[in-house]
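I have placed the structure first, in the form of structure tokens, so that the comments after it can refer back to it.
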Amino acid sequence: MRIVLAGIVWLCAWSATRAVAEDWPTHRHDFARSGITAETLRLPLQASWVHVAKLPPQPAWPGPARSDGWHKVENLKPRVIFDWAYHLVAAGGAVFYGSSANDKVYALDSATGKERWSFFTEGPVRLAPTYSQGKLFVGADDGRVYCLEAADGNLIWEFDAAPSRTRLPGNNRLMSLWPVRSGVVVQGQNAYFTAGLFPFEGASLCAVQVADGKELWRHPVTGMAPQGYLLASSERLFMPTGRGTPYVFDKKSGEFLYTIEGSGGTFCLLTGDQLIYGPGKTGELDAFQPGDRDEVATFQGNQMIVTGDKSFLHTDTELRAIDRTRYMEISLRRAEALRRAEDFKKESRTQERDGNTEAAEKSRARQRELEAKANELAAELPKCVLWSKECAHPYSLILAGETLFAGGTDSVGGFSTETGEQVWRADVVGRALDLAVADGRLYVSTDKGRIHAFATN
Amino acid sequence: MPYRFMTLLSLSLACLLHAVTVRAEGCIARWRFEKDRLAGNSLPAAEGQGAIQITGPVTWGAAEDALPCLYIDQRDNKVEVQGVGEALSALREGFSVEAWVNIDKTTEWSGIIGQLSGNKGWQLGYRQSNFSFGVSTENVGEIRHFRARESLEWGRWYHVVGTHDGKETRLYVNGRLANASQACPGRMLAPADAPVLIGTREDFYGRLWVHEIALHSRALSEGEVAARFQEKQGSLPTHIRPKLGPILTRLDESSVRIRWETDRECVSEILWGESAPPTRSAWKDASPTNRHEAILTGLEDKKIYHYRLRFSDDSGAVRLSRIFEFDSSLDYAAKPSPVRGEPFPADELSPIYSRVAERILAETGVHRGYCLVLDAGKGRLAHALAERSELKVVCLEEDRALVDAGRTALDQIGAYGTRITFQRADSEKLPFPDYLFNLIVSDGALVSGKLPKSSAEVARALRPSGGVLALEAPKESAEALKAWWENPSAPEFTVEKTENGALRVRRGDLPGGGEWTHQYADPGNTACSLDQHVKGNLEVLWFGRPGPRPMVDRGTRSPAPLSRNGMLFVQGDRLLFGMDAYNGSIYWSVNVPELRRANMPRDGSNMTLSDDGLFVAVRESCWKFDPESGEVLAVWPAAPETPRDDFDWGYIALVGGQLLGSAVRRGALFIGADGEWYDRTDEESLKVTSDTLFALSSKTGERLWEYRKGLIINPTICASETAVYFLESRNPSLLAGEDRRIGDELFTDQFQVALDIRTGKVLWEKSVRFEGGSWVLYQVYAKDTLVVLATTDKYHLHGIDARSGDSLWEQHYSWRKDNHGGSMQHPVVIEGTIFAEPNAYELRTGKLVRENIPQRDKCGTMSGAANAIVCRDYYHTIWDLETDTWTQLEGVRAGCWLNILPVGGIVVAPEASSGCFCDHPIQTSIAFLPKEKD
């Protein structure tokens, strides 16, 4: 009896630390790139192991100019940063990543960090693989998508997405002109990805069968330079384009639907069909409603986490929580006011041209009213901030249960979602640009090619 | 009693005299920035009223500056004048503000001292590279700024004075009138609600040293200003610069080598730090020398460092240089990572691989760029070559097991990916574009006699202008090797060796490939390389570094890159790159803080290229660089008989063995350090002029001749093989003045001149009056014809016989738009046709041959090949002249002047869109191949 009781006590204790054990099967957990796992890690975490990659990441693109001389904007933010660290996925007791330096896909044992296997592609692997049902899907700069056995790295199939086998010097490496720089979205029986980089050389959105890599469709897309993680909702696919703006597709047919406005950036996430992306030139995230090209809300920040009623975002210096519902409600009203003001502005110009001065003046008066209204609403937005704390961890942000984990320089921190107080931190080597939580561990990947694992003691 | 009366009278007279003196002086306050006079955070006036409050950290001038001064960087500090508000509000007779300053770094706008409330008030400051003085008055509400024409020089002391007497506003620089205007009459406004601030304007923060500032309640006269300048200028530290340098070279990610030379042997020191001014001594000579070399380590990535040199001048006094800035971002490998370790077990083949690798490298002379190893096996020859060179090695092997083994072995020593990679394919159809490889070898031929399947494919992939095929095939006879190598249609290949089982074939320059050795291609300014291969549509050949960070902002219309013999030379922001045009390898780069030029439409480039030298104008001299290594081979001054700081080297060109140059007064060149766009007709369209034109031997630097008569208009200088041509103004008042950046006054007493290029003697000269040139004024030479292009309210094109100066024809036509370069287009001459947007004309007759050539959307000027024109539409664009097809290469854009070159059978376009806010998705250096091959 005592043994049974002890067993029950142990089980409860163990369960308390591992309420829900989840995989982290793709970049930022899921294809909405939410960065949220239901798994809770009991703090404090202890350092478990460190994997030092043979070679540090070799990013495709160097940073932007220091400033925009004409517009007098200093400290431009880099927008094309999808491969500054080795992004991680974790599932089935292993941690997986691709190397942009030696063209390999790696599997590490999640408990020890020891290498289980590795697999060579023929070009830099710049984005994280996707794990699905015992298989690993990864795209590379050689223009191919590979499907591997997650257990041992054996090749199941490979799909050549490039129309030509030519390799040329690009981004300091020999590569295909049709690299797969979207990651791979696996949903149901299908896998989706893009191939291509330079619009004039042709870029496509592709779909293949998960089982055997057989092509389902391939749609060339005019003007697209796909770079960043492909996102998927129930009906749509969203493809960031680095410095450019995201493209939206119908998932079933692959038909191109529209592009979104904004200032570029490879951070994207979906909440429902609302897309939030950035951080543009100076650190702003814009939110877009389905079907709309213009943003309905703007947040000052580098990355964001969106839950049902709260959003968390960090800037270079702060971490804050906002009342999401209220913020969006005010933002939508403000966006509507601005749209109507713009309509009245155009109308007044037409009326002026037609000689209808009185009507034009009325339209301008309405325009001014609406702009004033929009300004009033803008003044309400700061009141939606629930809390705001200084934070020196601006590079990455995820949510595990009730703890936000954020990556900084040589440091990773845990923060309470309720108060924003820092509740935990640990040292890492390099800038912590990617985080993942799975199977009771926090994994941190840095720009120095280090992968740190932390676990509850 | 009389004594008391006399005493009282004397005292009264003294007071009266003092009062009269004060009224005559009108000095409201004078502050001298001496740290010893600081009381807490307050600096009292040395004369008059008021005090200066300093908040935040500031730096006081170092003893070596020999001048008490304050360093202001307004980001963290605030320097406010208090106690003068009433006096300023009460101004009636006029106003003067006077300052002794040393600008460390300019910005879009900044203040030396000012009092601004919105757009009202006054300010003495600088806008971009020009001092300015602005006032608002009762008559003219908004503030108006008046700028000096000449550029100020960073790190140099200046006396700057602004005066306003109710009728005229004046700006003086170093005792000389720099601008005068009557556009702002009335009593000057000094808004009572605005603080008087030093060193800032709104959100713009320049960096400056301030020695002294004074405010006067009257307008100082021109004589007074000159006298004040003369009185003090001798006591200011002269501008200290090393004889040569500094020159910085990256050694690796965290270390840099800095070199400089001094006139005399001395102990030099580097002060280094992240903040300005730097104060930490980071390195010092162990003993006196005049060639200094320091290596600094521990650099962090993407940081801005500041440094100064400390060394003694001719008198032995220790002085400081100006503050230099260094961006540690290194987006390309300073050197390829070394290959260390033994991935393969030693066996009987090991010494063979070593020997062969050493022999190949020694005999071919190819040590860098890309190497292809055919039938690479496990990569043993590849490893031996990579270990002994800087080559990036690509292994081609079709056997999967060998590929896997090779990758694994090389990955174990960390060489896979960074230096050596494998591609699984056979050699029948090489999966690489044309022209890529500097060196092609074969492991299979060496160990098993397996010759590559296709010599034609090898030839195709070999880089022109020096690529080498080095086959080691000991089992093959010379005849067999020759028979294998058959390329009758490729005359540029030279078989250098076919003996002892070795075949060496070197590829020369691509026949029909063009070159670009001057700003507009050649000394004639034709903007056409006559490359025969570039046409039709293009495909990517390579892309990558340098990216936008090391480059100059796109709007400054910077010097064009140059290319010849497969090499590409690109200027960044005070950086020079030497690259491989065919595969994008960066072979060397140097950081030269004084290397900067802008506004090509109103001046000319600062570099030119020959077989044995890259000649670059840096301040007062031309530096001759070795194109292969980036080492400085020689330095020649533009005006050796004058003090160093008086003239800069302006125009530069090479004709035959002659280096042509011109001497430009210091301050006239455009630097473009502050996001200028140079798209307007204001001060930005003033033309840079030279006092002299001369020729040196490009081998020895011997001065061959010099011409001096009028003010030579730099953008009009062009040359043929026998003559050099230019326009100049002989207006006596311009010649007597000191301004050398001149506007429409240049179009008076204008002459068109031709000199014998060997002797500098006048061949002919004509008094001319072309229609203005307020926007731009160019001259082009081709086929015994000169063409002058001037724009005022439209384009004016004149054809002139180059042998006699006789007029041949003229055309006048409108531009499509007056922005984004629409009114500034430089013509392109392709054989007998001159393309002058929006039309094209016969060169010799001026007959219109084409109207409305395809329209560009954005900035930039065109560059031509024999059958095509490349330019920027919105993106990179090629216009095939035979098919009249306009093809835009969506996704990548060029800079705002000329940076796309059709050369060597390809098109190269180094990154030039830096800073652009547009959403074009890719910012990269890139090169293109014609899709259709001859």
Side-chain angles (χ1 to χ4, degrees), chain A residues 54-55 58-73 76 78-80 99-104 118 120 122-124 142 164-174 176-177 197-201 203 222-227 241-245 261-264 281 447, chain B residues 108 204 302 304 327 329 331-333 370 392 394 403-404 407-408 411 414 416-418 421-425 431-433 436 539-549 551 553-556 583-585 674-677 875 887-892 914-917 919-924:
Chain A
K54 194 173 284 296
L55 295 165
Q58 304 289 314
W61 301 105
R66 282 163 57 185
S67 62
D68 174 350
W70 179 247
H71 292 97
K72 315 308 167 200
V73 178
L76 295 176
R79 290 183 255 178
V80 198
S99 170
S100 52
N102 64 0
D103 310 350
K104 290 174 91 169
S118 64
F120 275 106
E122 289 217 340
D142 59 7
S164 156
R165 289 220 148 191
T166 298
R167 301 284 186 268
L168 50 80
N171 295 141
N172 245 21
R173 296 291 315 278
L174 225 56
S176 166
L177 267 182
L197 178 60
F198 290 96
F200 60 90
E201 295 282 8
T222 306
M224 182 174 71
Q227 295 190 96
T241 60
R243 285 185 93 250
T245 58
E261 296 297 318
S263 302
K281 293 185 272 281
D447 61 349
Chain B
E108 174 72 9
F204 295 103
K302 290 191 171 48
I304 307 300
D327 185 347
S329 303
D331 297 325
Y332 49 92
Y370 280 84
K392 284 168 280 200
V394 180
V403 169
D404 288 344
R407 281 174 173 163
T408 301
D411 186 48
Y416 190 80
T418 53
T421 53
F422 267 85
Q423 298 291 328
R424 196 162 68 83
F432 308 109
L436 182 56
E539 57 191 14
V540 177
L541 172 60
W542 59 261
F543 67 95
R545 275 68 164 166
R549 179 145 176 154
M551 308 310 282
D553 194 87
R554 76 285 193 194
T556 55
N583 54 44
S585 299
D674 301 299
E676 294 91 332
W677 192 26
Y875 301 109
T887 306
Q888 217 180 160
L889 304 167
E890 191 176 357
V892 196
S914 179
C916 180
F917 79 107
D919 292 333
H920 62 284
I922 300 172
Q923 274 188 319
T924 185

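Not measured: the values here are computed from a predicted model. Just so it is clear: chains get the letters A, B, ... in the order the sequence lines come, proteins before strands, and each one is counted from 1.
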Query - Residue pair B:F432, A:L168: steps toward the side-chain contact (heavy atoms from CB on, under 4.5 Å) verdict - result: CA-CA 6 Å; B:F432 308 109; A:L168 50 80; over 6 Å; no
Can you tell me which portion of [X] sits under 4.5 Å from chain A's heavy atoms? Options are side chain, backbone, both or neither.
X	result
B:T887	neither
B:L889	both
B:Y875	neither
B:V892	side chain
B:D411	both
B:L541	backbone

Query - Salt bridge flag under 4.0 Å for residues B:R424 and A:D142 - result: no
Quick check on the interface: out of [options], who has the most heavy-atom pairs with chain B under 4.5 Å?
options	answer
A:M224, A:K281, A:R165	A:K281
A:G264, A:G242, A:A101	A:A101
A:P199, A:G244, A:A225, A:S263	A:P199

Query raised in the report: Got A:P64 and B:R549 here, is their nearest side-chain heavy-atom distance under 4.5 Å?
Result: no
Query raised in the report: Is the closest side-chain heavy-atom distance between B:V540 and A:E201 below 4.5 Å?
Result: yes
**Report entry** Centroid-centroid distance, A:F120 to B:F422, less than 6.0 Å
**Finding:** no
Any idea which of [options] has the most non-hydrogen atom pairs under 4.5 angstrom with chain A?
options	value
B:G584, B:G414, B:A425	B:G414
B:T924, B:D404, B:V403	B:T924
B:G544, B:P546, B:P431, B:P433	B:P431

Checking [X] against chain B: side chain, backbone, both or neither under 4.5 Å from a heavy atom?
X	result
A:E122	both
A:P59	backbone
A:N171	both
A:T166	both

Query raised in the report: Mind checking what makes side chain to side chain donor-acceptor pair (under 3.5 Å) contact with A:S99, not counting sequence neighbours?
Result: A:Y86, A:N102
Distance, nearest 0.5 Å, that separates [atom1] of [X] from [atom2] of [Y]:
X	Y	atom1	atom2	value
A:W61	B:Q923	CH2	CD	9.5 Å
B:Q423	A:L174	CD	CG	5.5 Å
B:L436	A:R167	CG	CZ	13.0 Å
A:D103	B:R407	CG	CZ	7.5 Å
B:Q888	A:F200	CD	CZ	11.0 Å

Query raised in the report: Would you find a donor on one side and an acceptor on the other, under 3.5 Å apart, between the side chain of A:R173 and the backbone of B:G417?
Result: yes
Query raised in the report: Is a side-chain donor or acceptor of A:R243 paired with a backbone partner of B:H920 at a separation under 3.5 angstrom?
Result: yes
**Report entry** Nearest heavy atoms of A:W70 and B:G675, plus distance in Å
**Finding:** CE3-O, 3.7 Å
Query raised in the report: Of all residues at least two apart in sequence or in a different chain, which pass the side-chain contact (heavy atoms from CB on, under 4.5 Å) check with B:S914?
Result: A:A65, B:P548, B:M551, B:E911
**Report entry** Test side-chain contact (heavy atoms from CB on, under 4.5 Å) applied to A:L177 and B:E539, step by step
**Finding:** CA-CA 10 Å; A:L177 267 182; B:E539 57 191 14; 5.7 Å; no
